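Shown next, in structure tokens, is the structure this report addresses.
All ligand and atom numbering here is 1-based and tracks the order in the structure. Not measured: the values here are computed from a predicted model. If you read the sequence from its start, that first residue is 1, and numbering goes on from there. Computation of the quantities below employed the complete heavy-atom set of this structure, encompassing side-chain atoms and omitting hydrogens, waters and symmetry-equivalent molecules.
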Amino acid sequence: MNRRNSRTVYLRGLIELSNICRKDCLYCGIRCSNRKIERYELPEAQVLELSQYALDSGYGSVVLQGGERCDSNYVERISALVYKIKHLTSDRTSLPLGITLSLGEQSREVYREWFNSGADRYLLRIEASNPELYRKIHPSGNDAEIKMHSYDRRIEALEDLKSAGYITGSGMMIALPYQKMGDLERDLDFLASMDVDMVGMGPYIPHRDTPLGRLSLGMKPEGVPPDDGDFVSYTREQRMALSLEMIRRLRERMPQINIAAATALEVLSEDGKAQAVLSGANVIMPNITTSAMRRNYQLYEGKSEVKDDAESTRLKLERQMERIGVKIGWFDIGNPGKFS
Ligand code: 5AD
């Protein structure tokens with residue numbers, strides 16, 4: 001039998017905790033300079049309710065994702081939240097929920113604290129492994145900005161995560177402006193050399209309320225490097241094809257790791273996640289954030305599922321996976337090494 005058709009995908013319920021962010025990344029819709037969105041932070045009770053839903057429904061794990069914040073109150077709130085999620089119980093399973101954090105760069109101490117509170121995994125994308133490209137997609141206005149968006153600091157954070165004991169994930173955006181094929185080759189080398197356990201990588205989707213988005217959409221940008229002939233713009237078809245190609249290449253190279261089907265793929269194609277699974281992805285992160293909040297968490301435009309609720313997302317997913325003959329690992333934490 002075709003190996004790909006006997007595979008299992010594992011689920012993580014994605015909870016978008018907060019869109020408050022101290023960073024100002026030129027591509028991201030929740031960058032701190034974007035005044036057009038309403039900022040929110042989900043109350044703890046609501047996150048616990050969503051996590052309980054994930055546990056009872058057999059998702060196996062949750063991902064807590066949010067903008068980057070470092071104040072000590074926030075750090076403490078996350079610790080308490082992680083602890084409480086880890087101690088939720090259900091009639092339907094005796095296993096605790098797996099917890100993945102995706103909360104940006106933090107100090108070594110904070111990473112340790114959250115790990116000790118019960119977090120299992122951490123996702124920190126390198127975004128672009130070529131330092132030159134990384135610099136072009138991040139602010140460079142003044143020293144403070146440059147320091148806050150430092151490539152070296154990001155590498156250091158990834159190393160801190162590994163030494164804190166997390167199952168560590170990284171990844172990048174594919175088909176970024178200025179990105180060349182050689183950069184994508186380099187990205188694959190980077191993931192292999194970092195020996196990551198998980199990868200989340202997906203297509204770049206322009207957002208009109210960001211400098212890079214404006215540049216990509218042919219609008220007048222501010223705060224981005226002038227087009228010195230280096231600027232490349234990819235079509236939707238190219239972005240889709242490149243993303244799937246990257247998944248295929250990475251799966252060949254790293255057979256045991258977890259590879260997530262990026263939500264951004266669904267902006268390009270309705271069955272984007274299914275195509276990613278057929279190309280080698282084995283993790284899907286259905287969004288379980290309450291619909292009312294989702295419209296304020298648009299990292300990129302046209303983000304799918306904004307109108308759906310958790311239950312319809314789940315049904316759609318089941319049908320999609322059934323169609324391609326892939327099993328869903330309900331009630332399974334789905335740690336790396338289980339790809340078959
Ligand atoms: N297009 C695609 N992905 C994006 N992200 C942020 N902005 C965009 C965009 N415009 C991704 C980043 C980040 C993740 C949470 O969302 O890679 O790590």
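Atom CZ of R153 has more than 12 heavy atoms from other residues, nucleotides or ligands within 6.0 Å.
Residues with a heavy atom under 4.0 Å from ligand 1: Y27, C28, Q65, R125, E127, M173, P203, Y204, I205, L299, Y300.
Taking every heavy atom of both residues into account, G202 and S243 meet most closely at C-OG, 4.3 Å.
Not counting sequence neighbours, the partners of Y151 by the ring-ring contact (aromatic ring centres under 6.0 Å, His included) test are Y134. Partners of E159 under the side-chain hydrogen bond (donor to acceptor under 3.5 Å, both in side chains) rule, at least two apart in sequence or in another chain, do not exist in this structure.
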Anything under 3.5 Å between a donor and an acceptor, one on a side chain of residues 166-174, the other on a protein residue two or more places apart or in another chain? List them.
from : atom 1 : to   : atom 2 : distance (Å)
Y166 : OH     : Y111 : O      : 2.6
Y166 : OH     : F115 : N      : 3.1
T168 : OG1    : Y166 : O      : 3.1
S170 : OG     : L124 : O      : 2.8
S170 : OG     : I126 : N      : 3.1

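Side chains of D152 and S150: no donor on one and acceptor on the other come within 3.5 Å.
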